[in-house]
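Notes for the one structure printed next.
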Amino acid sequence: MKKIMNAPERFVAESLEGLVRAHEDLVVFGGERKFIRRRHLAPGKVAVISGGGAGHEPLHSGFVGHGMLDAACTGHVFTSPTPDQIVAAMDETDTGAGCLLIVKNYDGDVMNFEMAAEMAASRHAIETVIVEDDAATGPAVRSRGRRGVAGTIVVEKLLGAAAERGAELGALKELGEGLNARIRSMGVALRGVAMPNNPRETFDLGPEEMEIGVGIHGEPGLTRTGFADADAIIRRLGEAILAELPPELLGDPDLRPLLLVNGFGGTPPIELYLAYGLARRFFEAHGIVPVRSLTGTFVTSLDMAGLSLTLALLTPDQLALWGAPVATPALSW
Amino acid sequence: MKKIMNAPERFVAESLEGLVRAHEDLVVFGGERKFIRRRHLAPGKVAVISGGGAGHEPLHSGFVGHGMLDAACTGHVFTSPTPDQIVAAMDETDTGAGCLLIVKNYDGDVMNFEMAAEMAASRHAIETVIVEDDAATGPAVRSRGRRGVAGTIVVEKLLGAAAERGAELGALKELGEGLNARIRSMGVALRGVAMPNNPRETFDLGPEEMEIGVGIHGEPGLTRTGFADADAIIRRLGEAILAELPPELLGDPDLRPLLLVNGFGGTPPIELYLAYGLARRFFEAHGIVPVRSLTGTFVTSLDMAGLSLTLALLTPDQLALWGAPVATPALSW
Amino acid sequence: MHLDATDLAALIGLCRAEIDRHGEHLSALDSAIGDGDHGANMRRGLEAVFAERDAIAALPLPAALERIGLVLVMNIGGAAGPLYGTLLMELGRGLGIADTPEAFAATLEHAIAAVARRGRSGPGDKTLLDVLYPVQAEVVRRSAPGRIAACARSAAHSTEAMQARRGRASFLGPRSIGHEDPGASSCALLTAAICGYFEEHRPS
Amino acid sequence: MHLDATDLAALIGLCRAEIDRHGEHLSALDSAIGDGDHGANMRRGLEAVFAERDAIAALPLPAALERIGLVLVMNIGGAAGPLYGTLLMELGRGLGIADTPEAFAATLEHAIAAVARRGRSGPGDKTLLDVLYPVQAEVVRRSAPGRIAACARSAAHSTEAMQARRGRASFLGPRSIGHEDPGASSCALLTAAICGYFEEHRPS
Ligand SMILES: Nc1ncnc2c1ncn2[C@@H]1O[C@H](COP(=O)(O)OP(=O)(O)O)[C@@H](O)[C@H]1O
Ligand SMILES: Nc1ncnc2c1ncn2[C@@H]1O[C@H](COP(=O)(O)OP(=O)(O)O)[C@@H](O)[C@H]1O
Ligand SMILES: [Mg+2]
Ligand SMILES: [Mg+2]
Ligand SMILES: [Mg+2]
Ligand SMILES: [Mg+2]
């Protein structure tokens with residue numbers, strides 16, 4: 001796969017520079033360009049910090065700004081950032097109320113954020129929320145917790161809004177951990193991806209194949225099956241999501257569903273909107289009527305073709321946090 | 001290329017339905033689903049109507065809403081809508097101040113909108129603005145005017161904002177026609193596209209090739225050349241844009257540059273942001289410092305890989321129109 | 001022109017079958033220098049006409065042609081819709097005024113001129129007009145149907161050497177040379193299908 | 001352990017060369033069951049250490065190992081960074097307290113336990129620990145370097161049959177079976193390179 005790129009070593013840095021320059025009203029580079037942070041910090045607010053490997057843009061840097069993240073640390077492609085980046089972000093954005101680290105549940109991310117938290121423990125009050133929303137990696141497949149995938153946006157938006165409203169570190173941690181039971185995502189890939197320094201795709205799909213249950217790192221999914229029409233694909237994703245949400249939440253009439261259709265980078269809006277319409281019909285047929293929607297390319301796997309559905313069953317308070325004002329490069333209302 | 005699709009015949013209709021359902025607070029279907037319109041029309045305002053073939057999403061339906069379009073008519077993939085759709089949109093959204101039709105300069109679009117205007121002339125005051133921003137199809141290549149490509153967003157945003165402020169039909173037409181000299185776009189494709197009913201790509205690029213000067217219909221571009229690094233690609237696009245803008249505008253220090261990096265559907269945000277950073281450097285090196293920026297996937301060619309740069313040299317008044325509030329599915333601030 | 005309902009229904013069926021048979025080829029031609037949809041566009045138009053064939057065939061010829069034109073306009077979209085639509089609508093309108101063999105040639109000329117106005121185009125632009133003009137010249141000469149068909153085919157073929165000045169192919173500049181124009185090709189196919197019917201049913 | 005500056009610099013160079021040589025292979029292993037970057041990650045780490053090799057080699061061994069660990073952590077990222085980093089940092093810290101051949105085995109055991117804690121993992125999870133544990137057992141047994149290297153290689157190979165319970169490969173469930181773990185593979189390569197040096201320079 002061809003990429004708009006100068007050299008693999010400069011790929012991530014040049015992309016981050018473009019993001020900062022395109023949105024200089026909202027974000028700036030932190031010291032030594034180790035992270036991107038809000039241009040205007042809000043003193044006394046908990047610093048909400050996230051990060052992860054590159055290749056998932058606009059996640060996380062595109063969500064830095066008022067009402068969402070204070071800083072985002074970006075690693076190499078599909079590689080967690082290193083502890084020094086995370087420590088630097090804490091040092092520069094903690095205005096006294098402590099730091100909340102939002103970490104997608106990958107061993108590399110968890111370990112690097114953990115090392116950073118250990119290193120900075122003497123200077124900062126720190127709590128960590130691990131995001132686990134992937135329906136494909138539930139307890140049946142893996143004992144170590146689900147992956148964090150597109151549902152990460154929901155976690156970052158809600159925690160960012162709560163922090164903006166003045167929530168304290170402990171309350172944020174509690175809110176964040178409570179979200180993990182409420183959010184499930186399931187993805188399908190129509191094409192693998194190639195890393196910047198390697199023309200070979202991570203998996204090779206024939207013209208009549210697709211991977212179900214993929215994550216966001218170009219890794220193979222749970223199963224490879226024959227390519228199918230959109231209704232069948234959406235049904236398959238939707239059923240996996242329903243199967244992995246706690247029945248008591250699914251049956252709770254007071255919860256407010258949020259439906260997110262997320263493109264993986266190579267799938268265009270015309271297909272994403274089509275998927276949204278079918279997903280909407282699918283969930284409505286199961287008695288779940290989304291009251292909020294988001295369709296677009298938010299959590300990518302480089303230029304992988306495919307998409308994921310995310311269903312979040314929110315309390316009315318949580319829904320209000322979703323609707324709270326946000327001003328970031330990739331999300332604003 | 002695999003598509004998230006049920007059947008080619010239902011591809012466009014199902015995608016439009018998804019868009020409407022995902023944004024039901026902003027847009028609704030017009031009668032017989034011939035077009036999509038603003039949920040709340042503004043009485044006494046000129047109705048701003050656009051449309052074109054499908055496959056360019058979010059253009060145009062994604063730009064229906066407050067401060068931009070009142071209605072968008074969508075044809076089959078890469079096929080202009082038919083006159084009955086356009087007439088129906090005029091009949092349903094003209095609240096007395098007349099209709100402004102914004103038409104990208106393709107023979108099919110121009111002819112269908114023209115037939116519609118003839119058919120509805122007795123009932124509506126109608127003016128038409130033809131968008132011509134493509135740097136690749138200047139007078140040297142084609143006597144019949146440039147294609148309308150990604151610069152169409154700028155035209156729709158500015159005219160929509162002016163109409164929202166109460167500008168009259170004649171003034172809108174004048175504003176729109178004045179924009180054509182100020183906006184230039186230039187595109188590159190890394191991969192062709194396949195139509196929904198035809199697995200064959202419209203052009204076949206080798207792993208070491210790219211098409212320069214492409215439009216947004218998967219048609220071949222001006223020249224096919226060897227694939228190059230991002231700096232060389234951006235330089236090539238940027239130089240074409242500079243060569244096709246009037247020198248007196250380029251030299252006018254009172255103009256306010258707007259820089260748009262537009263993905264064609266298959267190119268992910270990480271690459272688009274990288275391109276933005278390099279384009280920014282390129283234009284700054286030529287003394288042009290963008291004061292407004294937009295980076296994203298706005299005017300697509302199905303899932304074509306590639307992107308275009310658009311430079312618009314705006315007057316301060318025009319820049320204010322760009323900044324005016326807008327609330328549409330794909331653009332909002 | 002004295003076509004009865006049976007003729008008209010048969011012609012509609014023939015044209016539809018011809019376009020259906022060559023749809024892929026037309027789209028392939030359009031892929032080379034356009035956007036690859038000409039076959040699909042024409043199929044959609046002819047299917048819509050075919051679906052209404054009984055109602056259309058029951059009309060007097062002028063009204064039937066006008067109706068066919070309108071159905072094409074409202075169903076094809078793109079460039080082909082207004083062009084074929086204008087041709088048929090103007091033919092119907094003209095024949096509504098005077099429906100004699102002499103009048104037919106003049107009406108065809110008028111209708112083709114209307115197509116050229118609609119497309120702001122003329123001879124040598126590498127469009128379906130490059131088939132329509134020579135066909136019109138043969139009609140004036142009262143050539144036999146077989147000759148008209150052959151002329152249409154060779155006219156379509158000769159667009160290969162032209163550089164497009166109208167339509168999407170014009171965006172390619174000199175790269176448009178060396179490919180037959182899809183609109184010219186569909187026009188030749190339809191002309192040949194119609195001429196074939198006349199040859200069989202009205203030997204001249 | 002009595003490595004002088006020359007030994008240390010040579011070992012750094014050897015390890016870096018070994019990883020560089022097998023970078024593509026490590027990434028290919030990672031493509032099959034992970035995200036395809038293990039080779040690039042390890043190269044980046046070893047290059048960073050190599051760039052500092054003179055300063056590192058000038059340090060006392062414990063401080064040198066700790067420094068190598070820190071450089072790895074701050075440059076690799078991903079899973080491999082904290083794991084290899086922890087291993088080296090803990091080795092350095094341990095040898096700082098007691099630097100005798102007996103102490104080395106105990107220190108290694110401690111360092112490996114720290115890696116396991118960092119990764120919340122243990123034997124049979126299909127990770128680099130599945131090489132580290134058997135290597136540690138051979139060290140306790142004071143096996144010859146050649147034997148340790150062979151054991152590392154076969155341990156890496158035996159991860160092929162395992163189903164991953166940690167790291168990205170665990171997302172694949174049973175589909176992770178049948179592929180060698182990339183981290184185990186890099187660990188065996190490094191072990192073998194280091195053992196090769198000892199074999200040549202300190203015949204036991
Ligand atoms: N301005 C024009 N005048 C005459 N014919 C035209 C014009 N533009 C396009 N055409 C004809 O239309 C054909 C393309 O039709 P089609 O592919 O259906 O529409 P589109 O170009 O909108 O996709 C061309 O091959 C050409 O013959
Ligand atoms: N929790 C863990 N415990 C021990 N080793 C692990 C763990 N997670 C991953 N690994 C090791 O790390 C290797 C992957 O490293 P690498 O590809 O560089 O990082 P990433 O998975 O972040 O891309 C795996 O092959 C495995 O050996
Ligand atoms: Mg990785
Ligand atoms: Mg078309
Ligand atoms: Mg076409
Ligand atoms: Mg990896």
Side-chain angles (χ1 to χ4, degrees), chain B residues 8-9 51-55 73-85 87 106-116 118-119 134 136-137 140-147 192-198 200-204 213-224 301, chain C residues 23-45 47-48 69-86 89 114-115 117-121 125 127-128 163-176 179 183:
Chain B
E9 321 79 69
C73 307
T74 305
H76 294 268
V77 173
F78 296 163
T79 305
S80 150
T82 50
D84 55 319
Q85 298 178 265
V87 170
Y106 298 97
D107 299 56
D109 293 71
V110 170
M111 290 189 275
N112 281 283
F113 274 87
E114 187 178 78
M115 289 188 90
E118 288 165 14
M119 291 173 183
D134 179 35
T137 49
V141 173
R142 184 174 190 264
S143 57
R144 183 69 178 286
R146 305 166 183 281
R147 289 182 291 220
V193 294
M195 303 284 285
N197 48 8
N198 188 344
R200 228 176 107 243
E201 299 199 350
T202 50
F203 54 87
D204 237 328
V214 292
I216 52 173
H217 297 86
E219 69 273 47
L222 271 190
T223 38
R224 180 167 300 195
S301 182
Chain C
E24 254 81 82
H25 176 63
L26 293 173
S27 286
L29 290 177
D30 199 26
S31 291
I33 54 172
D35 59 355
D37 62 0
H38 188 58
N41 290 346
M42 293 302 291
R43 270 183 183 156
R44 195 167 52 244
E47 288 304 329
L70 194 70
V71 171
L72 292 177
V73 170
M74 296 313 190
N75 285 280
I76 297 187
L83 295 167
Y84 276 109
T86 297
M89 286 193 293
V115 172
R117 274 196 310 281
R118 179 62 72 205
R120 295 174 181 75
S121 46
D125 286 351
T127 70
L128 42 79
Q163 173 167 341
R165 282 191 299 250
R166 293 290 177 269
R168 292 184 196 284
S170 64
F171 302 135
L172 301 191
R175 277 179 104 184
S176 64
H179 302 271

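Just so it is clear: chains get the letters A, B, ... in the order the sequence lines come, proteins before strands, and each one is counted from 1. Only a predicted model underlies this, so the values are computations on that prediction, with no experimental measurement involved. Values reported hereafter were calculated over all heavy atoms of this structure, with side chains retained and with hydrogens, waters and symmetry mates removed.
The residue among A79(C), G85(C), A164(C) with the most heavy atom pairs within less than 4.5 Å of chain B is A79(C). Chain B forms the most heavy-atom pairs under 4.5 Å with one residue out of A32(C), G167(C), S31(C), and that residue is G167(C). Interface check for chain C: of the options R147(B), M195(B), R146(B), E219(B), the most heavy-atom pairs under 4.5 Å are formed by R147(B). Counting heavy-atom pairs closer than 4.5 Å to chain B, the top residue among G119(C), G36(C), G173(C) is G119(C). Listed options H76(B), Q85(B), E9(B), E201(B) were ranked by heavy-atom pairs under 4.5 angstrom with chain C; first place goes to H76(B). Contact count against chain B (heavy-atom pairs under 4.5 Å) is highest for P82(C) among S27(C), S121(C), P82(C).
Considering every non-hydrogen atom in both N112(B) and G77(C), the closest pair reads ND2-C, 3.8 Å. Annotation for P220(B) and L172(C): closest pair O-CD2, 3.0 Å, computed over non-hydrogen atoms. Contact detail for T79(B) and N41(C): the closest heavy-atom pair is OG1-OD1, 3.2 Å. Taking every heavy atom of both residues into account, N75(C) and T82(B) meet most closely at N-CG2, 4.0 Å.
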Practice item. Could you check M115(B) against V73(C) for side chain to side chain contact (heavy atoms under 4.5 Å, CB included), going step by step and ending with a plain yes or no? Key: CA-CA 9 Å; M115(B) 289 188 90; V73(C) 170; 4.0 Å; yes
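Using a 4.5 Å cut-off between heavy atoms, F78(B) contacts chain C through both its backbone and its side chain. Neither the backbone nor the side chain of V214(B) comes within contact range of chain C; no heavy atoms are under 4.5 Å apart. Contacts of R44(C) with chain B are made by side-chain atoms alone, with heavy-atom separations under 4.5 Å and no backbone atom involved. D30(C) does not touch chain B: none of its heavy atoms, backbone or side chain, sits under 4.5 Å away. If you measure heavy-atom distances from R118(C) to chain B, the contacts under 4.5 Å come from both the backbone and the side chain. Using a 4.5 Å cut-off between heavy atoms, A28(C) contacts chain B through both its backbone and its side chain.
In this structure the side chain of M111(B) never reaches within 4.5 angstrom of the side chain of T86(C), judged on heavy atoms.
Interatomic distance, CZ of R120(C) versus CZ of R144(B), reported as 5.5 Å (0.5 Å rounding). Going from atom CD of E24(C) over to atom CG of N197(B) covers 8.5 Å, rounded to the nearest 0.5 Å. From R175(C), atom CZ reaches atom OG1 of T223(B) across 6.5 Å, with rounding to the nearest 0.5 Å.
Partners of R224(B) according to the salt bridge (charged side-chain N to carboxylate O under 4.0 Å, His left out) rule, which considers only residues two or more places apart in sequence or in another chain, are E209(B), E211(B). For F171(C), the ring-ring contact (aromatic ring centres under 6.0 Å, His included) partners at least two apart in sequence or on another chain are Y106(B).
D35(C) contributes no side-chain N or O that, together with a main-chain N or O of G218(B), makes up a donor-acceptor pair within less than 3.5 Å.
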